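Computed from a predicted model, the values in this text were never measured in an experiment.
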Amino acid sequence: MLRLILVTALFFCASTLYGQVPEILTLALDRYLEMETIADPRISPDGIEVVYTRGWIDKMNDRRASSVWIVGADGSKNRFLVEGSNPRWSPDGSRIAYTADKDGMQLFVLYKDVPGPATQITRLEHSPSNVAWSPDGKSIAFTSLVPTSHEWSVAMPAKPEGAKWTAAPRIVESLVYRRDRVGFYEPGYTHVFVVPASGGTPRQLTSGDWHHGRGGIAWTPDGQEILFSSLREPDADYTWRESEVYAVDVETRDIRQLTFRRGPDTQPAVSPDGRYVAYTGYDFSDDTYIAARLYVMTIDGADSRALTADLDRSPRGIEWADDSSGIFFTANDRGTRNLYFAPLTGDVHALTQGTHMLTVSDVKAGRAVGIKSSPHESSLLVSLDISDPEIQTLLDVNEDVLGTIDLGDVEEITYQSEDDLEIQGWIIKPPDFDPGKKYPLILAIHGGPHGMYHVGFNFAWQYHAAKGYVVLYTNPRGSSGYGSAFGNLIKRAYPGKDYGDLMRGVDEVISRGYIDENNLFVYGCSGGGVLTSWIVGQTHRFAAASANCPVTNWLSFVGTTDGATWYYNFDNLPWEDPAEHLRRSPLMYVGNVTTPTMLMTGVKDLRTPISQTEEYYQALKLRKVPTAMVRFNEEYHGTSSKPSNFLRTQLYLHYWFNRHARISEVGR
């Protein structure tokens, strides 16, 4: 016995000494709580350092928290700076502005090389956004919500001394309202402010029943004006006033309008030489999806022209070149995102290529920084030299979490729709995949409906694969990233042929021979919830479904959603001509449903209100279809903003699918 113990011990030591690879593990759900994120990296003016937001999960308080970190542009000396987020360098690089929670989100300024705490700059009731330093570093501009007050001239009887009366109701007369930090939806408008960088009283520069600056703000190089886009409520004739680009004089508060059209113009960015303004926008029509274009005009609003007329993809994150020769931007394309350059003279061209999602947040001193994600990589901090744009990884915050995990292979597929469209999708296989075996299939459906599934890392899908499922996710017609025509194919036809696109994808995977056709499952949230509830009313092929945060009745949806402003663009309000809205409502097909269908929705959801879930649940119950309604606490649109609710979402999905597997419980 002693000899056996010694031999075993020697073998273990030898294995360690000679570097034997440790056992590879599959993804466990609790690993999610260790995942971190990187957001909003920014390069110092001298190009030497990068500040960024590092997110993590506060397991004790069931929330996502963040800190500001700093790292050398070469990836060295990575270190913590301060608790907070959204860091911004001062023009001279000596200070960093950021936001942090102190009696609500507030603005702080930290001297990078001076010992001591940061200075709190604001004491706001509502959170600051779009923080931007003035060119001279003396002021900081930001946007914030200004609540509207609707006081009615009613005379309440005097309250008896010591009486405890219910708080007065909120009076809402606006169609546009937003959630405040304590969880209520408060009527109000976003406006532009400026505050001394050393602290003081913020000065409101804009006013009125407009949303100012929600598409970003930009100082002119002389510091005299701030550019912003503005969104106004519909006029009395129900014409929606889409966003235009304006400039406000910082001293006089005079406002001049730079763009004029019926359509949204947003993301204004002023060239370093002060001569031009870049922005994105498009001419409005009754199409439900239109890819935006990148435009440039002179600082006075003249000579506007499109730089990306032939791209047919929506630019995002626009950044001027240091020499004002053109604009950098990223764009989604067929499930990927890469960096492009649009010169003022010449053709738009891609600077990077690859099967990844690249989000560039800053370009300075010939270098770009951003975040990259790919099928097996999550939230990498990356950098690239603009003259030789090879992507370099500066930091992988999840290598310690995923490095020893055997993840499922991700395979891209394309297939033909019933009317010969090419549809793109992806398959994730279990880590120990054996093509000779049969696996249950999960079809995941994206929301929007003008959303786009992509090649970025997805924890939930990898977890499904680790539990023995093959996962299929596709971009059916209506998805973004494939051009305006493809996105608009569901105009007044949703749900419709996109259902067929999804079923063709399922058939494509089944044809490969490794899917258990008796155990097909489907789920999705928002637009994915719409299509899930539609699918179970059209086919019985799925063993179980989960329609999460769905719209099931387009008639009642219009009167209960906070997104009703969308209907101002159309002349077919549902109560005026209900026939088509009823025909596209999954509730109208509930009599066909036999598939066990779970519904999961946040109780505070105002985008796809829980009343939509309740209508469908009640109908399924009356039809005696196996169903369950899961009402998520502390959730608005979606079911996973709270870390614990993300875990519950995955567990409830697997429980429901296991419970209704058709032949036997799916092996785990």
*asked:* Counting C-beta onward and ignoring hydrogens, is there a side-chain heavy-atom pair between Asn338 and Asp333 closer than 4.5 Å?
replied: no
*State, with a plain yes or no, whether a side-chain heavy atom of Pro343 is found less than 4.5 Å away from one of Ser325.*
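Pro343 does not reach Ser325 side chain to side chain.
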*Indicate the ring-plane relationship of Tyr453 and Tyr473, choosing parallel, tilted or perpendicular according to the 30° and 60° boundaries.*
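It falls in the perpendicular class, over 60°.
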*Would you please classify the geometry between the Phe459 ring and the Phe457 ring as parallel, tilted or perpendicular, with 30° and 60° separating the classes?*
perpendicular
For [X] against [Y], the heavy-atom pair lying closest together:
| X | Y | answer |
| --- | --- | --- |
| Ile121 | Pro196 | CG2-O, 3.5 Å |
| Pro495 | Val530 | CG-CG1, 3.8 Å |
| Gly335 | Met357 | O-SD, 3.7 Å |
| Asp92 | Ser90 | OD1-OG, 2.7 Å |

_Test applied, side chain to side chain contact (heavy atoms under 4.5 Å, CB included); reference residue, Pro202; option that passes from Leu124, Val194, Ile140_ =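 Between Pro202 and the candidates, side chain to side chain contact (heavy atoms under 4.5 Å, CB included) is satisfied uniquely by Leu124.
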If the threshold is 4.0 Å, N to carboxylate O, is there a salt bridge linking [X] and [Y]?
| X | Y | result |
| --- | --- | --- |
| Asp322 | Lys364 | no |
| Glu36 | Arg54 | yes |
| Arg88 | Asp40 | yes |

*Looking at Asp419, Asp498, Asp420, which one forms a salt bridge (Lys or Arg N to Asp or Glu O under 4.0 Å) with Arg477?*
Asp419
*Of Tyr279, Tyr340, Tyr295, the residue whose pairing with Phe329 passes ring pair (Phe, Tyr, Trp, His ring centres under 6.0 Å)*: Tyr340
With distance as the sole criterion, is a donor-acceptor pair present between the side chains of [X] and [Y] under 3.5 Å?
| X | Y | value |
| --- | --- | --- |
| Asn488 | His450 | no |
| Asp312 | Ser484 | yes |
| Arg42 | Ser361 | no |
| Thr266 | Ser229 | yes |
| His637 | Thr608 | yes |

*Atom OG1 of Thr143 and atom NE2 of His126: how far apart are they, to the nearest 0.5 Å?*
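These two atoms lie 13.0 Å from each other.
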*How long is the span from the OG1 atom in Thr99 to the CE atom in Met105, to the nearest 0.5 Å?*
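Interatomic distance, Thr99 OG1 to Met105 CE, rounded to 0.5 Å: 3.5 Å.
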